[in-house]
S.K.: 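Handing you this structure, nothing more for now.
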Amino acid sequence: MVVGEFTTEVDLLIIGGGPGGYVAAIRAAQLGKKVTLVERDKLGGVCLNVGCIPSKALIAAAHRYEDAKKLGEIGIEAGDVRVDFAKVQTWKQGVVDKLTGGVASLMKANKVEVIKGEALFANDREARVINGYEANRYRFNQCIIATGSRPIELKDLPFGGRVISSTEALALQEIPKRLLVIGGGYIGIELGTVFAKFGTQVTVLEGTESILPTFEKEVLRLVERRLKKLNVTVVTSAMAKGVEETANGVTVTASVKGEEQRYEADYVLVTVGRRPNTEDLGLDMAGVRTEKGLIQVDKQGRTSVGHIFAIGDVVPGPALAHKASYEGKVAAEAAAGEASEVDYRVIPAVVFSDPEIAVVGLSESEAKEKGLDVVTGRFPFAANGRALSLADAEGFVKLVADKSSGELLGAQIVGPEASDLIAEAALAIEMGATLEDVALTIHAHPTLGEVMMEAAEVGLGRPVHIAPR
Ligand SMILES: Cc1cc2nc3c(=O)[nH]c(=O)nc-3n(C[C@H](O)[C@H](O)[C@H](O)COP(=O)(O)OP(=O)(O)OC[C@H]3O[C@@H](n4cnc5c(N)ncnc54)[C@H](O)[C@@H]3O)c2cc1C
(Lines give C-alpha, C1' and ligand atoms only; values in the text may rest on other atoms or scores of the structure.)
Protein backbone atom coordinates (compact mmCIF):
# COMPACT_ATOMS: atom_id res chain seq x y z
CA MET A 1 0.00 0.00 0.00
CA VAL A 2 1.22 3.45 -0.84
CA VAL A 3 0.75 6.02 1.88
CA GLY A 4 1.46 9.70 2.22
CA GLU A 5 1.65 10.72 -1.43
CA PHE A 6 2.28 14.42 -1.87
CA THR A 7 3.91 16.62 -4.48
CA THR A 8 6.99 18.71 -3.83
CA GLU A 9 8.14 21.43 -6.21
CA VAL A 10 11.85 21.28 -6.92
CA ASP A 11 14.12 23.23 -9.24
CA LEU A 12 16.76 20.79 -10.56
CA LEU A 13 16.16 17.11 -9.88
CA ILE A 14 19.15 14.79 -10.33
CA ILE A 15 18.47 11.05 -10.49
CA GLY A 16 21.48 9.01 -9.36
CA GLY A 17 24.34 9.87 -7.00
CA GLY A 18 27.34 8.35 -8.87
CA PRO A 19 30.28 10.30 -10.32
CA GLY A 20 27.94 11.80 -12.91
CA GLY A 21 25.09 12.76 -10.59
CA TYR A 22 26.93 14.00 -7.51
CA VAL A 23 29.39 16.09 -9.54
CA ALA A 24 26.52 17.61 -11.55
CA ALA A 25 24.79 18.40 -8.22
CA ILE A 26 27.83 20.26 -6.86
CA ARG A 27 28.42 22.23 -10.04
CA ALA A 28 24.74 23.18 -10.37
CA ALA A 29 24.64 24.27 -6.72
CA GLN A 30 27.76 26.41 -7.27
CA LEU A 31 25.91 28.10 -10.12
CA GLY A 32 23.00 28.98 -7.87
CA LYS A 33 20.59 26.16 -8.73
CA LYS A 34 18.51 24.60 -5.98
CA VAL A 35 19.34 20.93 -6.33
CA THR A 36 17.54 17.80 -5.16
CA LEU A 37 19.35 14.50 -5.73
CA VAL A 38 17.61 11.13 -5.57
CA GLU A 39 19.64 7.99 -4.90
CA ARG A 40 18.12 4.56 -4.37
CA ASP A 41 21.22 2.97 -2.95
CA LYS A 42 24.47 4.61 -1.82
CA LEU A 43 25.99 7.97 -2.67
CA GLY A 44 29.06 7.58 -4.86
CA GLY A 45 27.35 5.13 -7.23
CA VAL A 46 29.11 2.19 -8.82
CA CYS A 47 32.51 3.88 -8.96
CA LEU A 48 32.92 4.54 -5.25
CA ASN A 49 31.01 1.54 -3.88
CA VAL A 50 31.51 -1.39 -6.25
CA GLY A 51 33.75 -0.13 -9.07
CA CYS A 52 36.81 2.10 -9.41
CA ILE A 53 37.69 2.58 -5.75
CA PRO A 54 37.29 -0.89 -4.23
CA SER A 55 38.91 -2.48 -7.29
CA LYS A 56 41.89 -0.13 -7.10
CA ALA A 57 42.23 -0.78 -3.35
CA LEU A 58 42.36 -4.54 -3.93
CA ILE A 59 44.76 -4.05 -6.86
CA ALA A 60 47.07 -2.01 -4.60
CA ALA A 61 46.91 -4.64 -1.84
CA ALA A 62 47.67 -7.49 -4.27
CA HIS A 63 50.49 -5.48 -5.82
CA ARG A 64 52.10 -4.80 -2.43
CA TYR A 65 51.81 -8.45 -1.48
CA GLU A 66 53.52 -9.51 -4.69
CA ASP A 67 56.17 -6.82 -4.26
CA ALA A 68 56.86 -7.84 -0.68
CA LYS A 69 57.57 -11.38 -1.83
CA LYS A 70 60.13 -10.02 -4.31
CA LEU A 71 61.95 -7.74 -1.87
CA GLY A 72 64.82 -10.24 -1.69
CA GLU A 73 65.80 -9.14 -5.21
CA ILE A 74 66.85 -5.76 -3.84
CA GLY A 75 68.42 -7.18 -0.70
CA ILE A 76 65.60 -6.89 1.80
CA GLU A 77 64.56 -10.02 3.65
CA ALA A 78 60.91 -9.71 4.62
CA GLY A 79 60.49 -13.20 6.03
CA ASP A 80 57.25 -15.04 5.64
CA VAL A 81 54.78 -12.66 3.94
CA ARG A 82 51.18 -13.73 4.52
CA VAL A 83 47.76 -12.33 3.59
CA ASP A 84 44.91 -11.84 6.04
CA PHE A 85 42.24 -11.43 3.37
CA ALA A 86 39.46 -10.53 5.81
CA LYS A 87 41.62 -7.61 6.96
CA VAL A 88 42.32 -6.60 3.36
CA GLN A 89 38.56 -6.46 2.81
CA THR A 90 37.98 -4.44 5.98
CA TRP A 91 40.65 -1.96 4.91
CA LYS A 92 39.14 -1.72 1.40
CA GLN A 93 35.70 -1.04 2.88
CA GLY A 94 37.20 1.65 5.09
CA VAL A 95 38.52 3.43 1.99
CA VAL A 96 35.09 3.20 0.32
CA ASP A 97 33.27 4.43 3.44
CA LYS A 98 35.59 7.38 3.84
CA LEU A 99 34.98 8.50 0.27
CA THR A 100 31.21 7.99 0.27
CA GLY A 101 31.07 9.83 3.60
CA GLY A 102 33.00 12.59 1.87
CA VAL A 103 30.38 12.80 -0.89
CA ALA A 104 27.61 13.07 1.73
CA SER A 105 29.49 15.95 3.40
CA LEU A 106 29.95 17.67 0.06
CA MET A 107 26.21 17.41 -0.61
CA LYS A 108 25.53 19.11 2.74
CA ALA A 109 28.19 21.75 2.23
CA ASN A 110 26.70 22.63 -1.16
CA LYS A 111 23.13 22.56 0.24
CA VAL A 112 22.08 19.74 -2.08
CA GLU A 113 19.03 17.97 -0.72
CA VAL A 114 19.54 14.18 -0.89
CA ILE A 115 16.46 11.96 -1.02
CA LYS A 116 16.58 8.21 -0.68
CA GLY A 117 14.44 6.26 -3.10
CA GLU A 118 13.94 4.99 -6.62
CA ALA A 119 12.82 7.62 -9.11
CA LEU A 120 10.66 7.07 -12.17
CA PHE A 121 9.05 9.57 -14.45
CA ALA A 122 5.30 10.14 -14.34
CA ASN A 123 5.54 12.68 -17.17
CA ASP A 124 8.08 15.19 -18.47
CA ARG A 125 7.72 17.44 -15.41
CA GLU A 126 7.20 14.94 -12.61
CA ALA A 127 8.98 11.96 -11.10
CA ARG A 128 7.76 9.61 -8.41
CA VAL A 129 10.27 8.56 -5.81
CA ILE A 130 9.53 5.23 -4.19
CA ASN A 131 11.10 4.35 -0.87
CA GLY A 132 9.52 1.34 0.82
CA TYR A 133 5.86 2.19 1.36
CA GLU A 134 6.33 5.83 0.46
CA ALA A 135 5.90 7.21 -3.04
CA ASN A 136 6.21 10.96 -3.30
CA ARG A 137 5.93 13.12 -6.37
CA TYR A 138 8.53 15.71 -7.32
CA ARG A 139 7.66 18.37 -9.84
CA PHE A 140 10.82 19.69 -11.43
CA ASN A 141 11.85 22.56 -13.68
CA GLN A 142 14.83 20.64 -14.97
CA CYS A 143 16.17 17.14 -14.49
CA ILE A 144 19.48 15.31 -15.00
CA ILE A 145 19.35 11.54 -15.46
CA ALA A 146 22.49 9.86 -14.10
CA THR A 147 21.30 6.35 -13.31
CA GLY A 148 24.45 4.56 -14.49
CA SER A 149 24.79 0.94 -15.50
CA ARG A 150 24.89 -2.61 -14.18
CA PRO A 151 26.71 -5.81 -15.20
CA ILE A 152 25.38 -7.70 -18.22
CA GLU A 153 24.06 -11.12 -17.30
CA LEU A 154 24.65 -14.05 -19.67
CA LYS A 155 21.46 -15.97 -20.37
CA ASP A 156 23.24 -19.31 -19.97
CA LEU A 157 25.17 -18.27 -16.87
CA PRO A 158 22.77 -16.22 -14.75
CA PHE A 159 24.16 -14.48 -11.66
CA GLY A 160 23.61 -16.23 -8.36
CA GLY A 161 25.51 -18.61 -6.10
CA ARG A 162 28.95 -19.17 -7.55
CA VAL A 163 28.27 -17.24 -10.75
CA ILE A 164 29.27 -13.75 -9.69
CA SER A 165 29.57 -10.24 -11.09
CA SER A 166 32.32 -7.71 -10.31
CA THR A 167 30.30 -6.58 -7.27
CA GLU A 168 30.49 -9.97 -5.53
CA ALA A 169 34.07 -10.56 -6.71
CA LEU A 170 35.11 -7.34 -4.96
CA ALA A 171 33.44 -8.52 -1.76
CA LEU A 172 34.68 -12.15 -1.60
CA GLN A 173 35.72 -12.91 1.95
CA GLU A 174 38.17 -15.63 0.99
CA ILE A 175 40.81 -16.06 -1.70
CA PRO A 176 39.37 -18.65 -4.09
CA LYS A 177 41.58 -21.53 -5.17
CA ARG A 178 40.36 -21.38 -8.75
CA LEU A 179 38.59 -18.52 -10.50
CA LEU A 180 37.20 -18.59 -14.01
CA VAL A 181 36.79 -15.13 -15.54
CA ILE A 182 34.48 -14.79 -18.52
CA GLY A 183 35.37 -11.68 -20.49
CA GLY A 184 38.88 -10.28 -20.96
CA GLY A 185 37.95 -6.60 -20.84
CA TYR A 186 39.54 -4.25 -18.32
CA ILE A 187 37.32 -5.28 -15.40
CA GLY A 188 38.01 -9.00 -15.94
CA ILE A 189 41.75 -8.49 -16.38
CA GLU A 190 42.04 -6.18 -13.35
CA LEU A 191 40.15 -8.55 -11.04
CA GLY A 192 41.79 -11.66 -12.50
CA THR A 193 45.21 -10.13 -11.82
CA VAL A 194 44.25 -9.27 -8.23
CA PHE A 195 43.32 -12.84 -7.40
CA ALA A 196 46.23 -14.34 -9.37
CA LYS A 197 48.59 -12.27 -7.22
CA PHE A 198 46.89 -13.51 -4.07
CA GLY A 199 47.52 -17.09 -5.25
CA THR A 200 44.30 -18.03 -7.08
CA GLN A 201 44.60 -20.19 -10.19
CA VAL A 202 42.93 -17.87 -12.72
CA THR A 203 41.62 -18.74 -16.18
CA VAL A 204 40.24 -16.06 -18.49
CA LEU A 205 37.87 -16.99 -21.31
CA GLU A 206 37.62 -14.29 -23.96
CA GLY A 207 35.24 -14.46 -26.90
CA THR A 208 37.34 -12.51 -29.39
CA GLU A 209 40.90 -13.18 -30.51
CA SER A 210 42.56 -11.06 -27.85
CA ILE A 211 42.05 -9.77 -24.33
CA LEU A 212 41.62 -5.97 -24.08
CA PRO A 213 40.91 -5.88 -27.82
CA THR A 214 40.80 -2.10 -28.13
CA PHE A 215 44.50 -1.67 -27.32
CA GLU A 216 47.43 -1.97 -29.72
CA LYS A 217 49.35 -5.25 -29.81
CA GLU A 218 52.67 -3.75 -28.70
CA VAL A 219 50.97 -2.32 -25.60
CA LEU A 220 49.22 -5.60 -24.80
CA ARG A 221 52.28 -7.78 -25.16
CA LEU A 222 53.72 -6.75 -21.79
CA VAL A 223 50.45 -7.34 -19.95
CA GLU A 224 50.06 -10.74 -21.58
CA ARG A 225 53.59 -11.65 -20.56
CA ARG A 226 52.96 -10.66 -16.92
CA LEU A 227 49.70 -12.62 -16.85
CA LYS A 228 51.63 -15.66 -17.99
CA LYS A 229 54.17 -15.15 -15.20
CA LEU A 230 51.28 -15.05 -12.74
CA ASN A 231 50.11 -18.41 -14.15
CA VAL A 232 46.93 -16.91 -15.58
CA THR A 233 45.63 -19.03 -18.44
CA VAL A 234 44.09 -16.92 -21.20
CA VAL A 235 41.83 -18.77 -23.62
CA THR A 236 40.70 -16.69 -26.60
CA SER A 237 37.92 -17.35 -29.14
CA ALA A 238 36.08 -19.02 -26.26
CA MET A 239 32.33 -18.78 -25.78
CA ALA A 240 30.90 -19.94 -22.44
CA LYS A 241 27.83 -22.10 -23.03
CA GLY A 242 26.58 -23.18 -19.65
CA VAL A 243 27.32 -23.75 -16.01
CA GLU A 244 26.68 -26.49 -13.50
CA GLU A 245 27.12 -26.08 -9.76
CA THR A 246 28.97 -28.96 -8.14
CA ALA A 247 29.40 -29.72 -4.43
CA ASN A 248 32.31 -27.33 -3.98
CA GLY A 249 32.45 -25.33 -7.16
CA VAL A 250 31.23 -24.90 -10.71
CA THR A 251 31.86 -26.51 -14.04
CA VAL A 252 31.56 -24.27 -17.07
CA THR A 253 31.28 -25.61 -20.57
CA ALA A 254 32.60 -23.48 -23.37
CA SER A 255 33.12 -23.75 -27.07
CA VAL A 256 36.76 -22.99 -27.86
CA LYS A 257 37.55 -22.67 -31.57
CA GLY A 258 34.68 -25.05 -32.28
CA GLU A 259 35.54 -27.64 -29.62
CA GLU A 260 33.67 -28.15 -26.38
CA GLN A 261 35.80 -27.66 -23.27
CA ARG A 262 35.02 -27.90 -19.55
CA TYR A 263 36.48 -25.67 -16.86
CA GLU A 264 36.22 -26.24 -13.12
CA ALA A 265 36.46 -23.41 -10.65
CA ASP A 266 35.32 -22.21 -7.22
CA TYR A 267 33.62 -19.18 -8.79
CA VAL A 268 32.84 -17.91 -12.29
CA LEU A 269 33.19 -14.17 -12.62
CA VAL A 270 31.17 -12.87 -15.56
CA THR A 271 32.52 -9.53 -16.83
CA VAL A 272 31.20 -9.26 -20.35
CA GLY A 273 30.16 -5.63 -20.26
CA ARG A 274 27.67 -3.27 -18.68
CA ARG A 275 24.09 -2.32 -19.52
CA PRO A 276 22.66 1.20 -18.99
CA ASN A 277 19.97 1.59 -16.30
CA THR A 278 17.33 3.06 -18.57
CA GLU A 279 14.53 0.48 -18.68
CA ASP A 280 12.63 0.99 -15.43
CA LEU A 281 12.73 4.76 -15.34
CA GLY A 282 9.50 5.54 -17.16
CA LEU A 283 11.46 7.35 -19.88
CA ASP A 284 8.60 6.91 -22.34
CA MET A 285 6.27 8.70 -19.91
CA ALA A 286 8.64 11.66 -20.07
CA GLY A 287 9.11 11.35 -23.84
CA VAL A 288 12.87 10.81 -23.52
CA ARG A 289 14.20 8.92 -26.53
CA THR A 290 16.66 6.03 -26.30
CA GLU A 291 18.55 4.04 -28.91
CA LYS A 292 19.77 0.55 -28.03
CA GLY A 293 19.10 1.39 -24.39
CA LEU A 294 21.27 4.51 -24.41
CA ILE A 295 19.74 7.97 -24.01
CA GLN A 296 20.37 10.21 -27.00
CA VAL A 297 21.77 13.62 -26.07
CA ASP A 298 23.15 16.73 -27.73
CA LYS A 299 26.47 18.40 -26.91
CA GLN A 300 25.03 19.91 -23.73
CA GLY A 301 23.65 16.58 -22.57
CA ARG A 302 20.05 17.55 -23.44
CA THR A 303 17.77 14.65 -24.26
CA SER A 304 14.92 14.77 -26.77
CA VAL A 305 13.09 16.69 -24.02
CA GLY A 306 14.93 20.02 -23.73
CA HIS A 307 14.76 20.48 -19.95
CA ILE A 308 15.81 16.88 -19.21
CA PHE A 309 19.54 16.06 -19.45
CA ALA A 310 21.37 12.73 -19.29
CA ILE A 311 25.01 11.95 -18.42
CA GLY A 312 27.45 9.13 -17.68
CA ASP A 313 26.95 5.45 -18.39
CA VAL A 314 23.37 6.01 -19.67
CA VAL A 315 24.59 7.99 -22.69
CA PRO A 316 26.85 6.87 -25.58
CA GLY A 317 30.64 6.83 -25.21
CA PRO A 318 33.07 5.01 -22.94
CA ALA A 319 31.56 3.96 -19.59
CA LEU A 320 34.16 5.68 -17.42
CA ALA A 321 33.83 7.67 -14.21
CA HIS A 322 35.76 10.73 -15.40
CA LYS A 323 33.62 10.93 -18.52
CA ALA A 324 30.48 10.81 -16.33
CA SER A 325 31.78 13.60 -14.08
CA TYR A 326 32.82 15.72 -17.07
CA GLU A 327 29.39 15.37 -18.64
CA GLY A 328 27.88 16.12 -15.23
CA LYS A 329 29.64 19.48 -15.12
CA VAL A 330 28.66 20.34 -18.69
CA ALA A 331 24.99 19.44 -18.13
CA ALA A 332 24.86 21.37 -14.85
CA GLU A 333 26.39 24.42 -16.53
CA ALA A 334 23.98 24.12 -19.46
CA ALA A 335 21.05 23.78 -17.04
CA ALA A 336 22.24 26.98 -15.36
CA GLY A 337 22.19 28.77 -18.70
CA GLU A 338 25.90 28.65 -19.53
CA ALA A 339 27.12 27.90 -23.06
CA SER A 340 29.10 24.76 -22.10
CA GLU A 341 29.44 21.87 -24.55
CA VAL A 342 31.22 18.53 -24.42
CA ASP A 343 34.43 18.02 -26.36
CA TYR A 344 35.43 14.36 -26.41
CA ARG A 345 38.86 14.71 -28.02
CA VAL A 346 40.63 14.04 -24.75
CA ILE A 347 39.24 11.19 -22.66
CA PRO A 348 42.04 9.18 -21.12
CA ALA A 349 41.41 5.48 -20.57
CA VAL A 350 43.37 3.48 -18.03
CA VAL A 351 43.61 -0.23 -17.33
CA PHE A 352 45.05 -0.90 -13.88
CA SER A 353 46.62 -4.09 -15.18
CA ASP A 354 50.20 -5.07 -14.45
CA PRO A 355 51.89 -3.13 -15.93
CA GLU A 356 49.31 -0.36 -16.20
CA ILE A 357 48.05 0.75 -19.61
CA ALA A 358 46.95 4.32 -20.24
CA VAL A 359 45.94 5.87 -23.53
CA VAL A 360 44.56 9.18 -24.70
CA GLY A 361 43.69 10.61 -28.10
CA LEU A 362 44.54 8.69 -31.25
CA SER A 363 46.75 5.63 -31.51
CA GLU A 364 49.09 5.36 -34.50
CA SER A 365 46.73 3.01 -36.34
CA GLU A 366 43.64 5.14 -35.57
CA ALA A 367 45.44 8.23 -36.87
CA LYS A 368 46.44 6.36 -40.03
CA GLU A 369 42.87 5.10 -40.52
CA LYS A 370 41.79 8.74 -40.47
CA GLY A 371 44.26 9.37 -43.27
CA LEU A 372 46.57 11.49 -41.11
CA ASP A 373 50.29 11.64 -41.76
CA VAL A 374 51.90 11.03 -38.40
CA VAL A 375 55.24 10.86 -36.67
CA THR A 376 55.73 8.79 -33.51
CA GLY A 377 58.16 8.96 -30.63
CA ARG A 378 58.68 5.90 -28.45
CA PHE A 379 60.84 5.80 -25.35
CA PRO A 380 61.35 2.81 -23.01
CA PHE A 381 61.23 2.96 -19.20
CA ALA A 382 64.34 0.74 -19.27
CA ALA A 383 66.35 3.85 -20.21
CA ASN A 384 64.89 5.93 -17.37
CA GLY A 385 66.88 6.25 -14.15
CA ARG A 386 63.86 6.63 -11.92
CA ALA A 387 62.19 3.51 -13.28
CA LEU A 388 65.37 1.49 -12.76
CA SER A 389 65.78 2.78 -9.23
CA LEU A 390 62.19 1.74 -8.52
CA ALA A 391 63.00 -1.74 -9.87
CA ASP A 392 60.06 -1.28 -12.23
CA ALA A 393 61.38 -0.52 -15.70
CA GLU A 394 59.21 -2.50 -18.11
CA GLY A 395 57.21 -0.62 -20.70
CA PHE A 396 57.31 2.49 -22.84
CA VAL A 397 55.65 5.74 -23.79
CA LYS A 398 54.62 6.28 -27.37
CA LEU A 399 53.54 9.68 -28.60
CA VAL A 400 51.70 10.19 -31.88
CA ALA A 401 51.87 13.60 -33.54
CA ASP A 402 50.84 15.22 -36.78
CA LYS A 403 53.83 15.06 -39.11
CA SER A 404 53.71 18.54 -40.54
CA SER A 405 52.64 20.58 -37.50
CA GLY A 406 54.07 18.36 -34.76
CA GLU A 407 50.80 18.72 -32.85
CA LEU A 408 50.27 15.91 -30.38
CA LEU A 409 47.38 13.66 -31.36
CA GLY A 410 47.66 10.81 -28.91
CA ALA A 411 49.72 8.91 -26.37
CA GLN A 412 49.99 5.30 -25.28
CA ILE A 413 51.77 4.37 -22.11
CA VAL A 414 52.38 0.93 -20.71
CA GLY A 415 54.49 0.75 -17.59
CA PRO A 416 54.88 2.06 -14.05
CA GLU A 417 52.43 4.84 -13.06
CA ALA A 418 51.02 5.00 -16.59
CA SER A 419 47.69 5.96 -14.97
CA ASP A 420 49.20 9.19 -13.59
CA LEU A 421 51.60 9.93 -16.44
CA ILE A 422 48.79 10.06 -19.00
CA ALA A 423 47.51 13.31 -17.46
CA GLU A 424 50.42 15.25 -18.96
CA ALA A 425 49.64 13.92 -22.42
CA ALA A 426 45.95 14.74 -21.95
CA LEU A 427 46.79 18.33 -21.01
CA ALA A 428 49.23 18.62 -23.91
CA ILE A 429 46.58 17.50 -26.42
CA GLU A 430 43.95 19.74 -24.81
CA MET A 431 46.33 22.73 -25.12
CA GLY A 432 47.20 21.91 -28.73
CA ALA A 433 50.84 21.33 -27.71
CA THR A 434 53.43 20.08 -30.18
CA LEU A 435 56.18 17.51 -29.65
CA GLU A 436 58.52 20.46 -29.30
CA ASP A 437 56.43 21.98 -26.49
CA VAL A 438 56.64 18.71 -24.57
CA ALA A 439 60.35 18.31 -25.30
CA LEU A 440 61.10 21.91 -24.23
CA THR A 441 59.31 21.51 -20.92
CA ILE A 442 61.88 20.91 -18.18
CA HIS A 443 60.94 17.70 -16.40
CA ALA A 444 62.39 17.07 -12.94
CA HIS A 445 65.12 14.46 -12.69
CA PRO A 446 64.99 11.63 -11.89
CA THR A 447 61.27 11.06 -12.51
CA LEU A 448 59.13 8.73 -14.55
CA GLY A 449 57.67 11.83 -16.22
CA GLU A 450 60.95 12.38 -18.05
CA VAL A 451 59.91 9.52 -20.34
CA MET A 452 57.28 11.87 -21.83
CA MET A 453 59.92 14.48 -22.65
CA GLU A 454 62.29 11.86 -24.05
CA ALA A 455 59.56 10.30 -26.20
CA ALA A 456 58.84 13.76 -27.63
CA GLU A 457 62.56 14.13 -28.41
CA VAL A 458 62.52 10.77 -30.17
CA GLY A 459 59.60 12.05 -32.25
CA LEU A 460 61.68 15.11 -33.16
CA GLY A 461 64.57 12.89 -34.22
CA ARG A 462 66.99 14.02 -31.47
CA PRO A 463 66.82 11.59 -28.57
CA VAL A 464 69.32 12.03 -25.75
CA HIS A 465 69.14 8.87 -23.67
CA ILE A 466 68.75 6.27 -26.39
CA ALA A 467 70.82 5.72 -29.47
CA PRO A 468 69.45 7.37 -32.63
CA ARG A 469 67.62 5.08 -35.03
C1 LIG B 1 34.59 -3.19 -11.19
C2 LIG B 1 34.55 -1.85 -11.86
C3 LIG B 1 35.69 -1.09 -11.92
C4 LIG B 1 35.66 0.16 -12.52
N5 LIG B 1 36.82 0.88 -12.56
C6 LIG B 1 36.82 2.09 -13.15
C7 LIG B 1 37.99 2.87 -13.19
O8 LIG B 1 39.04 2.47 -12.68
N9 LIG B 1 37.95 4.07 -13.78
C10 LIG B 1 36.81 4.55 -14.36
O11 LIG B 1 36.82 5.66 -14.91
N12 LIG B 1 35.66 3.84 -14.34
C13 LIG B 1 35.65 2.62 -13.75
N14 LIG B 1 34.49 1.91 -13.71
C15 LIG B 1 33.29 2.47 -14.37
C16 LIG B 1 32.62 3.52 -13.48
O17 LIG B 1 32.29 2.92 -12.26
C18 LIG B 1 31.38 4.06 -14.17
O19 LIG B 1 31.69 4.52 -15.45
C20 LIG B 1 30.78 5.21 -13.37
O21 LIG B 1 30.43 4.78 -12.08
C22 LIG B 1 29.56 5.77 -14.08
O23 LIG B 1 29.03 6.83 -13.34
P24 LIG B 1 27.50 7.22 -13.43
O25 LIG B 1 27.35 8.40 -12.51
O26 LIG B 1 27.07 7.33 -14.82
O27 LIG B 1 26.70 5.97 -12.84
P28 LIG B 1 26.83 5.04 -11.56
O29 LIG B 1 28.12 5.17 -10.88
O30 LIG B 1 26.37 3.71 -12.03
O31 LIG B 1 25.75 5.66 -10.57
C32 LIG B 1 24.38 5.61 -10.84
C33 LIG B 1 23.63 5.73 -9.54
O34 LIG B 1 22.24 5.88 -9.82
C35 LIG B 1 21.49 5.14 -8.90
N36 LIG B 1 20.19 4.86 -9.54
C37 LIG B 1 19.96 4.09 -10.64
N38 LIG B 1 18.65 4.12 -10.97
C39 LIG B 1 18.05 4.92 -10.06
C40 LIG B 1 16.71 5.36 -9.88
N41 LIG B 1 15.74 5.01 -10.70
N42 LIG B 1 16.45 6.19 -8.84
C43 LIG B 1 17.44 6.59 -7.99
N44 LIG B 1 18.71 6.20 -8.12
C45 LIG B 1 19.02 5.40 -9.15
C46 LIG B 1 22.33 3.91 -8.65
O47 LIG B 1 22.00 3.33 -7.40
C48 LIG B 1 23.75 4.48 -8.67
O49 LIG B 1 24.18 4.85 -7.38
C50 LIG B 1 34.46 0.66 -13.08
C51 LIG B 1 33.30 -0.11 -13.01
C52 LIG B 1 33.33 -1.34 -12.41
C53 LIG B 1 32.07 -2.14 -12.33
Side-chain angles (χ1 to χ4, degrees), residues 13-25 36-60 92 96 99-100 103 114-121 127-131 135 138 143-152 164-171 181 183 185-192 194 269-283 286 294-295 301 309-329 331 347-353 356-358 419 422:
L13 183 72
I14 298 184
I15 307 176
Y22 87 74
V23 169
T36 305
L37 185 146
V38 190
E39 170 55 59
R40 65 178 176 197
D41 197 356
K42 290 182 182 152
L43 282 177
V46 166
C47 182
L48 269 61
N49 292 289
V50 291
C52 328
I53 298 299
S55 64
K56 265 78 261 182
L58 289 187
I59 288 166
K92 175 212 83 182
V96 168
L99 288 167
T100 53
V103 174
V114 178
I115 293 168
K116 178 140 183 110
E118 173 133 9
L120 75 159
F121 290 99
R128 299 179 94 199
V129 176
I130 298 160
N131 184 8
Y138 290 83
C143 177
I144 298 178
I145 304 167
T147 50
S149 64
R150 62 185 188 284
I152 290 181
I164 59 176
S165 75
S166 53
T167 301
E168 293 79 38
L170 289 166
V181 180
Y186 83 92
I187 295 176
I189 294 303
E190 287 184 3
L191 291 174
V194 163
L269 164 59
V270 179
T271 56
V272 292
R274 298 185 61 83
R275 192 185 296 294
N277 293 324
T278 49
E279 301 95 341
D280 304 324
L281 263 175
L283 289 177
L294 292 166
I295 300 174
F309 298 77
I311 57 173
D313 285 7
V314 292
V315 304
L320 294 170
H322 42 281
K323 173 204 168 253
S325 300
Y326 171 69
E327 290 168 344
K329 290 178 204 166
I347 309 179
V350 173
V351 185
F352 290 80
S353 47
E356 293 179 351
I357 299 174
S419 52
I422 200 70

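For ligands, and for the atoms within them, numbers begin at 1 and follow the listed sequence. By convention here, the first residue in the shown sequence is residue 1.
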S.K.: Regarding atom 32 (C) of ligand 1: of the candidates A146, G312, G45, G16, which has the closest heavy atom?
M.R.: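 Comparing heavy atoms across A146, G312, G45, G16, the nearest one to atom 32 (C) of ligand 1 lies in A146.
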S.K.: Under a 4.0 Å heavy-atom limit, does I15 contact ligand 1 with its side chain, its backbone, both, or neither?
M.R.: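 The answer is the side chain of I15.
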S.K.: For S166, take its heavy atoms, then give the atoms of ligand 1 lying under 4.0 Å from any of them.
M.R.: 1 (C), 53 (C)
S.K.: Check whether any heavy atom of G117 sits under 4.0 Å from an atom of ligand 1.
M.R.: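 Yes.
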S.K.: Can you tell me which portion of R274 lies within the under-4.0 Å heavy-atom range of ligand 1? Options are side chain, backbone, both, or neither.
M.R.: side chain
S.K.: Who's the nearest protein heavy-atom neighbour of atom 31 (O) of ligand 1, and how far?
M.R.: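 Result for atom 31 (O) of ligand 1: G18 CA, 3.6 Å.
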S.K.: What is the closest protein heavy atom to atom 51 (C) of ligand 1, and at what distance does it sit?
M.R.: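 It is Y186 OH, 3.8 Å.
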S.K.: Counting neighbours of NZ on K116 that are heavy atoms of other residues, nucleotides or ligands and sit closer than 6.0 Å, is the number greater than 12?
M.R.: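 Yes, enclosed.
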S.K.: Around atom 25 (O) of ligand 1, find the nearest protein heavy atom and jot down its residue, atom name and distance.
M.R.: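 Result: G20 N, 2.8 Å.
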S.K.: Please write down residue, atom name and distance for the protein heavy atom closest to atom 12 (N) of ligand 1.
M.R.: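 Minimum-distance protein heavy atom for atom 12 (N) of ligand 1 reads A321 N, 3.3 Å.
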S.K.: How does L281 reach ligand 1, by side chain, by backbone, by both or by neither, if only non-hydrogen atoms under 4.0 Å count?
M.R.: side chain
S.K.: Should the proximity of I187 to ligand 1, defined as any heavy atom under 4.0 Å, be assigned to the side chain, the backbone, both, or neither?
M.R.: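 For I187, the contact with ligand 1 is made by the side chain alone.
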S.K.: Residue-level breakdown please: for A324 versus ligand 1, do any non-hydrogen atoms fall below 4.0 Å on the side chain, on the backbone, on both, or on neither?
M.R.: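 Within the 4.0 Å criterion, A324 contacts ligand 1 through side-chain atoms alone.
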S.K.: Going by the atom numbers of ligand 1, which of them fall below 4.0 Å from some non-hydrogen atom of D41?
M.R.: 47 (O)
S.K.: Of the backbone atoms (N, CA, C, O) and the side-chain heavy atoms from C-beta on, which set of K56 has a member under 4.0 Å from an atom of ligand 1: side chain, backbone, both, or neither?
M.R.: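 Near ligand 1, K56 shows its side chain, while the N, CA, C and O stay back.
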S.K.: Among all the protein's non-hydrogen atoms, which is closest to atom 21 (O) of ligand 1, and how far away is it?
M.R.: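 Atom 21 (O) of ligand 1 sits closest to the protein heavy atom C47 N, 3.3 Å.
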